[in-house]
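In what follows, a single structure is set out as structure tokens and then discussed.
Quantities reported herein were computed from a predicted structural model and do not represent experimental measurements. Just so we're on the same page: letters track the sequence lines, and every chain starts at 1.
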Amino acid sequence: MHSRSDISLPLRERGSKLVIETLDLVKVYAEGNIRAVDGLNLSIQEGEIYALIGANGSGKTTSINMLSGALFPTSGAIRVLGLEIPRHRRIISPKIGVAPQEYALYGDLTAEQNVWFFAKLYGLSKEAFGRRISELFKILGMEERRKTAVANLSGGMKRRVSIACALIHNPKLIFLDEATVGVDPVLRVFFWEYFRALKANGMTIIITSHVMDEAERADRIGLMRAGKLIEEGTPAEIKRRNSASSIEEVFLKLSGRNVADA
Amino acid sequence: MRDAVSKTPRAHFSIERVIAVTWRVLKQISRDRRTLGMMIMMPAIIMLIFGFALGGEVKNIPILIDNQDTGFSTTLDSISVNLYAGQQIVSFLQYDSRVRVEVGSYSLGVSGVDDGTYSASILIPPNFSQSVFLGSEGQNVSYSFLLYIDGTKPPIETSILVALQSALQGVAGSRSVNLDKQYAFGGTKFSGLDVSVPSVMAFVLTFLVLLISLVIVSRETTSGTLPRLYTTPLSAIERLLGYSIALLLLSLIMVGVILGIGIGVFGVIVRGSLILLFSGAVLYALAHVFLAVFLANFAKNELQAVQMAPLIALPSMALSGMLVPVNSFPDWIQIMAKLVPMYYGNRIFEGIMLRGYGLSELWLEFIIIGVVAFIFLVLAVTTVRDRMAD
């Protein structure tokens, strides 16, 4: 169980641009003895938009939870921004932002109060918060809903608030778990444009999705199935390698016939 | 329109669907072992405790008797008669299970009542035997018992008076006895409300502080915000203390409401220091805030959390002496009672409000509640999750 710190990663030289590295990452849930993540090896560069794609239950969220330090791995090693996780997760935490799949917001609080709470956890000053939230809410089109209780917001609005909470402290790395689920097509396009803008500012973005065509917008894709990475590369590479015209087709090919339960 | 409606084919009432719902509910409950356990354990625990605690009458009330009766000797038809009526009263009471008699000086008994050692101090007058004898001869000789009694617990007061009356009845017959009753603690004859407010306060603080705290803390679990918090710089202990401060502030409001209504509306007597009372209430609430934060670590949802409050508050109420004085319990229940924080809460609130006690009398209770609070805090800190469940 606690072998994680014993395994040392093949360390890169200092100044390496790798933001995330994992080595044989495994998560077995005690309940039901489920091998949710089964030997995951990831290397993600700084400034990349990396999409973890796979069906529900393929281990995407479990992977993200481990990478962000919320969940401890059964075995294997993780290095985020050069430091070992989960050992150094408190040191890393101000540099990462997480927008979980379920919105993870306080329904009784207003949109602004939710973001304020997380801003305080990250130690933002009142001035910094004021600047940052105006900026974020403007970009995300939330200005008019600033004072609305989150419980009264639509799914898409909640998603924006959730992303604002993850971005308020200007992290170097963000995890967006199914960020575009339940989001209308217009907003989805907008989100991807925004992710591109964040990337341009040097942010690394890890996004999960079970919507295959979304992945085409990412710089690189990791296809997950049953806790394993079954394909990885740029969308073009992957399609070429599998002689497919879309990522969805690749996925169907790699999954064999069991499309429904893959 | 109406015809159209009535002609619409209607689904028949189906007993199968009813049974399907019943089946589903029972199936769900059978999966929820905690609720199931609670359904069986709660009534069992409560019945057992209340049964044991309330089953018997009040027993073993500590009283002190100062028998100053000099006895009476006379010669009746050339037979010498020695009457020691005072001693008979003492013997009577010694055989009465309601009271536990000690013999000593009246003034010692009075100070004993003041500090809670005894519930009453009784002085049998020097002329008691003589009065009883002369009374039996048809003469009217008045005598009076001095009685210094703790009026803060009506069932105890009643039991002592009944025991004493029946002893007098046995010794002196049906003649009226003059009981010179003096109430301890400022001579106040407390109203029913006066004597119940301290216990109500202890119960409300236990039950509501637990309930509200558990609901508030477990809301974090159900809102799905915890996994996100695990990824922020917020440590588990910081989170726990944050909850505790908020809950303590909410508890202060509850204490304020209870005292405000008690004192402001009903004019409940607070003989001791109001500041000390407030401090005691805050300390007591804090212990339960920490208990709630600790218990919330084990609740998977708000329902489970809510179930915990009565499970603790109801047995505590039975054991704390709120309904029946603790010293009338069987010995082993008395030991259990002393493990319940509410017992000490009761003593603090009662001591300050009814008896006018200060820290010099209640320091031990304050320390015990403080230690209990600390233990719950340690338990909370050692069990709090700082990551998602494996």
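- Contacts between residues 214-225 of chain B and chain A, defined by a heavy-atom separation under 4.5 Å, are made by B/Arg219, B/Glu220, B/Ser223, B/Gly224, B/Thr225.
- Here A/Cys165 is the residue among A/Cys165, A/Ala166, A/Gly107 with the most heavy-atom pairs under 4.5 Å with chain B.
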For this session: Go through A/Lys172 and A/Glu46 one step at a time and tell me if the salt bridge (charged side-chain N to carboxylate O under 4.0 Å, His left out) criterion holds.
Result: CA-CA 9 Å; A/Lys172 286 187 157 331; A/Glu46 186 178 2; 5.2 Å; no

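- Under the 30°/60° scheme for interplanar angles, the aromatic rings of A/Phe117 and A/Tyr106 are found to stand perpendicular.
- In this structure, B/Phe374 places its CZ atom where only 12 or fewer heavy-atom neighbours from other residues, nucleotides or ligands lie under 6.0 Å away.
- Residue A/Ala36: no heavy atom, backbone or side chain, is found under 4.5 Å from chain B.
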Can you give each donor-acceptor pair under 3.5 Å made by side-chain atoms of residues 96-105 of chain A, sequence neighbours left out, with the distance rounded to 0.1 Å?
residue	atom	partner	partner atom	Å
A/Gln101	OE1	A/Thr61	OG1	3.1

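- Heavy-atom distances place the side chain of A/Asp108, and not its backbone, under 4.5 Å from chain B.
- Each of A/Lys228, A/Lys27, A/Arg225 was evaluated against A/Asp38; a single residue qualifies, A/Lys228, per the salt bridge (charged side-chain N to carboxylate O under 4.0 Å, His left out) test.
- With a 6.0 Å cutoff to the six-membered ring centre and a 45° limit on the axis angle, A/Arg160 does not count as a cation-pi contact of A/Phe137.
- Ranking A/Ser162, A/Gly69, A/Gly123 against chain B, the residue ahead of the rest is A/Ser162, based on heavy-atom pairs under 4.5 Å.
- Ring-plane geometry between B/Phe376 and B/Phe294 is classed as parallel, the angle between the planes falling under 30 degrees on a 0 to 90 degree scale with a further cut at 60.
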Exercise. What do the steps show when you test B/Asp386 against A/Arg89 for salt bridge (charged side-chain N to carboxylate O under 4.0 Å, His left out), and what is the final call?
Worked result: CA-CA 11 Å; B/Asp386 64 346; A/Arg89 63 194 180 123; 3.0 Å; yes

